Protein chains: 2
Amino acid sequence: MRADTVAAAKKSSRPVVLRSTAEFARHIGLARTTVSRVLNQQPGLRPKTIERVQRALAETGFTPNAHAVHLKGKRTAMIGICMEDLATPPAVRKLAALQRLLRSRGIASLIEVYTPGVGRDVVRHFQSLRVEAVVFIGHFLRDEIEARLTELTRQGTPHLVIDQFGLKGANTVALDRAAGMELVVNHLLDLGHRSFGSLGITKGPPSRIDRQTGIQAALRARGLDPAACIVSVDHLHERSNDFEYGRLLAGSLVGLAERPTAFLGYNDEIAIGALRGFQEAGLRVPRDVSVTGFNNQEICGMTSPALTTVDQSIEDTVATAAEILLGQLGAAPTAKPIVRTIAPALVVRESTGPVRA
Amino acid sequence: MRADTVAAAKKSSRPVVLRSTAEFARHIGLARTTVSRVLNQQPGLRPKTIERVQRALAETGFTPNAHAVHLKGKRTAMIGICMEDLATPPAVRKLAALQRLLRSRGIASLIEVYTPGVGRDVVRHFQSLRVEAVVFIGHFLRDEIEARLTELTRQGTPHLVIDQFGLKGANTVALDRAAGMELVVNHLLDLGHRSFGSLGITKGPPSRIDRQTGIQAALRARGLDPAACIVSVDHLHERSNDFEYGRLLAGSLVGLAERPTAFLGYNDEIAIGALRGFQEAGLRVPRDVSVTGFNNQEICGMTSPALTTVDQSIEDTVATAAEILLGQLGAAPTAKPIVRTIAPALVVRESTGPVRA
DNA sequence: CCTTGCGGCGGACACGTGTCCGCGAGAATC
DNA sequence: GATTCTCGCGGACACGTGTCCGCCGCAAGG
């Protein structure tokens with residue numbers, strides 16, 4: 001009987017699909033329990049038997065059902081990652097680095113984009129899969145995200161928010177964006193600039209507020225009035241965070257009666273778009289105007305002129321995030337939320353220069 | 001008794017973690033089967049009871065264990081996606097689009113980076129989770145990937161390869177890269193160019209071979225000898241696909257005795273890097289040399305000069321991919337592999353111009 | 001030949017769920 | 001008040017696995 005099944009399987013070029021340890025064991029003529037022992041490295045088996053099972057495992061490609069295994073109490077070794085989107089390069093870089101780090105620890109990543117509205121379903125799905133933690137990367141609607149965090153905490157699932165600062169009760173790792181903008185503004189002040197144009201930094205969500213805070217702090221520290229020296233036409237064009245928005249803004253800023261001498265970009269894309277916009281209008285950077293970005297993406301070194309910007313230190317962020325996450329996995333839930341701040345660094349290139357006399 | 005547990009839970013600010021339908025049912029004073037019926041929308045229940053369960057569901061955040069559910073035979077509604085890396089923007093865009101499309105069909109995406117060597121484990125893990133299909137995005141080692149596909153087929157798991165063309169027995173969706181390069185070369189030939197410089201297209205893996213095929217076809221069609229009119233110094237610098245490699249190449253190409261008049265970029269990054277490199281050397285684009293990219297990333301419209309490149313039509317690719325995938329899910333395995341080719345489009349901008357007389 | 005021990009067999013249970021089915025309490029109907 | 005109907009209860013089974021445990025065939029040692 002057993003010999004028959006083996007022979008039959010070997011003859012047919014398309015062997016039977018094996019979907020359970022029982023089927024697999026029958027296929028190779030052993031008991032289910034014996035196979036299970038090999039899979040779980042239990043002692044008391046002949047080396048010959050172990051090797052026999054393992055070869056068959058490799059040949060057939062059989063894999064034990066993870067769902068059943070987890071049901072028996074083994075850890076799922078999965079975490080859920082909620083992304084604001086997959087279109088923001090720095091966020092994707094964080095995702096990539098985090099995924100790699102967790103992978104090396106044997107943890108798989110379930111990745112979903114958290115769209116406002118269906119976000120609840122996404123987190124519920126993670127919960128139902130009994131992930132060991134949920135990570136949020138990016139910026140989300142405050143109320144919505146806090147509701148998700150409450151749900152997670154109630155079910156005892158650890159969480160971590162990367163990038164978004166100031167959420168109540170949230171474990172957080174975020175760049176100190178205010179400090180980043182302080183660096184930028186101080187650099188420009190040192191170059192003699194006293195009037196600044198906004199490239200998408202006014203009003204809006206926390207990621208912009210943080211930047212404003214930094215700008216204002218830097219100006220006040222030198223005795224300047226933020227309201228008086230910042231100009232914004234951000235509202236003139238439909239808001240987005242891409243190149244084109246920056247280009248349009250530059251177009252609108254060029255003709256201003258009291259045109260600022262330096263322009264502060266919300267991110268590198270907008271700044272690069274503005275670079276193009278200013279050049280299209282016949283201005284030269286940094287001779288006529290200075291422009292700064294934020295994030296220090298690779299492209300910043302390749303534009304003409306190369307872009308002065310703020311580096312995020314993604315490695316630090318992700319390393320810190322992983323440390324927090326791994327620390328939470330086995331342990332009991334922490335009472336106080338863990339909050340870590342990452343220090344930014346100014347990268348001076350060619351797009352900023354002294355004010356022309 | 002039952003009233004007690006409810007009251008106790010309501011009193012303590014940290015309610016008990018509910019990890020099974022049984023616990024949840026006890027918590028709200030109902031039978032497990034009743035809760036199960038609500039969850040699975042079975043008839044024969046009073047609206048009042050249904051509402052009572054659903055409110056408790058929302059309040060406690062309880063979620064039935066997906067592993068147990070799948071074990072009972074319900075579909076997992078998950079697919080596995082293997083990425084070559086998360087650093088190639090067009091690949092990430094495909095990932096994002098595909099993930100979104102599948103999400104809207106109720107299918108979750110498990111995403112892993114397939115590093116050569118540990119790739120086997122990744123696919124095995126997908127298999128053990130009984131994903132409904134496995135997708136590969138990017139270019140992989142031929143032998144390794146074909147081994148993975150064989151394993152998948154043997155276990156009856158549908159697959160799809162996006163981007164990599166010509167794998168034996170593989171369901172494939174890929175851009176016709178050869179056709180893309182033909183468009184580029186024809187465009188340059190029309191502008192009078194007869195000598196071409198390689199920016200990272202010589203030798204190497206399939207993604208480069210495809211491009212070479214297209215270039216050679218275009219040249220031969222006009223009676224030119226590819227070997228005679230293509231110059232390459234690709235080997236002079238350590239290979240990578242980023243801006244810096246392009247910049248270095250340009251630096252080495254500038255001083256050539258018989259410097260070509262047009263340069264063909266493997267991708268946009270290398271082309272943009274070359275743009276910068278040529279400009280640093282004092283050349284003007286496109287007056288002195290023409291440069292082309294590949295992929296049509298957003299940045300191409302913002303460089304100075306804006307980059308002539310080939311558009312991938314990612315929407316087409318992903319739509320086709322989703323169509324194939326969704327078609328495979330319920331159905332029986334197809335005998336013949338499905339192969340679809342996506343047509344590229346030339347996008348002419350400012351980085352290409354007529355040869356100077 | 002009998003004893004001993006090794007190593008594989010196979011039955012049993014639990015994990016959390018969906019589903020079926022018989023039961024019974026309470027309400028509605030006559 | 002007796003009958004019928006409604007609807008929730010709770011026992012049972014199966015899904016695939018890990019683990020425990022008693023059993024037994026077989027070979028080695030006395």
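Chain A is the first sequence line, chain B the second, and so forth, proteins listed ahead of strands; every chain is numbered from 1. Predicted, not measured: the structure shown is a model, and the values here were computed from it.
If you take CD of A/Glu51 and P of C/dG8, they are 13 Å apart, rounded to a whole angstrom. Atoms NZ (B/Lys48) and C1' (D/dT6) sit 14 Å apart, rounded to a whole Å. To the nearest angstrom, C1' of C/dG18 lies 17 Å from NE2 of B/His67. D/dT19 atom P lies 11 Å from atom CD of A/Gln41, rounded to whole Å. Between the NZ atom of A/Lys74 and the C1' atom of D/dT19 there is a distance of 11 Å, rounded to whole Å. The CG atom of B/Leu45 sits 14 Å away from the P atom of C/dG18 (whole-angstrom rounding).
The number of heavy-atom neighbours closer than 6.0 Å to CZ of A/Arg100, taken from other residues, nucleotides and ligands shown, is 12 or below.
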Under 3.5 Å between N/O atoms: give me all the protein pairs with nucleotides 20-23 of chain C, atom names plus distance.
{"unit_1": "C/dC21", "atom_1": "N4", "unit_2": "B/Arg37", "atom_2": "NH2", "d": "3.1"}

Give each protein N/O atom lying under 3.5 Å from an N/O atom of nucleotides 15-17 of chain C, with the pair distance.
{"unit_1": "C/dT17", "atom_1": "OP1", "unit_2": "B/Thr21", "atom_2": "OG1", "d": "3.3"}
{"unit_1": "C/dT17", "atom_1": "OP1", "unit_2": "B/Asn65", "atom_2": "N", "d": "2.9"}
{"unit_1": "C/dT17", "atom_1": "OP2", "unit_2": "B/Thr21", "atom_2": "N", "d": "2.3"}
{"unit_1": "C/dT17", "atom_1": "OP2", "unit_2": "B/Thr21", "atom_2": "OG1", "d": "2.8"}
{"unit_1": "C/dT17", "atom_1": "O5'", "unit_2": "B/Thr21", "atom_2": "OG1", "d": "3.2"}

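Evaluated for a side-chain contact (heavy atoms from CB on, under 4.5 Å) with A/Phe136, the options A/Ile145, A/Asp163, A/Ile162, A/Thr172 yield exactly one hit, A/Ile145. Checking B/Met78, B/Arg75, B/Gln99 one by one against B/Ile107, the side-chain contact (heavy atoms from CB on, under 4.5 Å) holds for a single residue, B/Arg75.
Between B/Glu151 and B/Arg120 there is a salt bridge, with a side-chain nitrogen of the basic residue lying less than 4.0 Å from a carboxylate oxygen of the acidic one. Salt bridge annotation for B/Arg340-B/Glu323: present, with a cationic side-chain nitrogen under 4.0 angstrom from a carboxylate oxygen. Using a cut-off of 4.0 Å between Lys/Arg side-chain N and Asp/Glu carboxylate O, B/Glu146 and B/Lys168 are scored as not salt-bridged. A salt bridge does not link B/Glu23 to B/Arg19: none of the charged side-chain nitrogens sits closer than 4.0 Å to a carboxylate oxygen. Contact check on B/Arg93 versus B/Glu315 returns a salt bridge, with a Lys/Arg side-chain nitrogen under 4.0 Å from an Asp/Glu carboxylate oxygen.
Residue contacts for A/Gly44: at a heavy-atom cut-off of 4.0 Å it reaches the sugar-phosphate backbone alone, with no base atom in range.
Taking only side-chain nitrogens and oxygens, B/Arg46 never comes nearer than 4.0 Å to OP1 or OP2 of D/dT6.
Using a 30° and 60° split on the angle between ring planes, B/His67 and A/His67 fall in the tilted class, from 30° to 60°.
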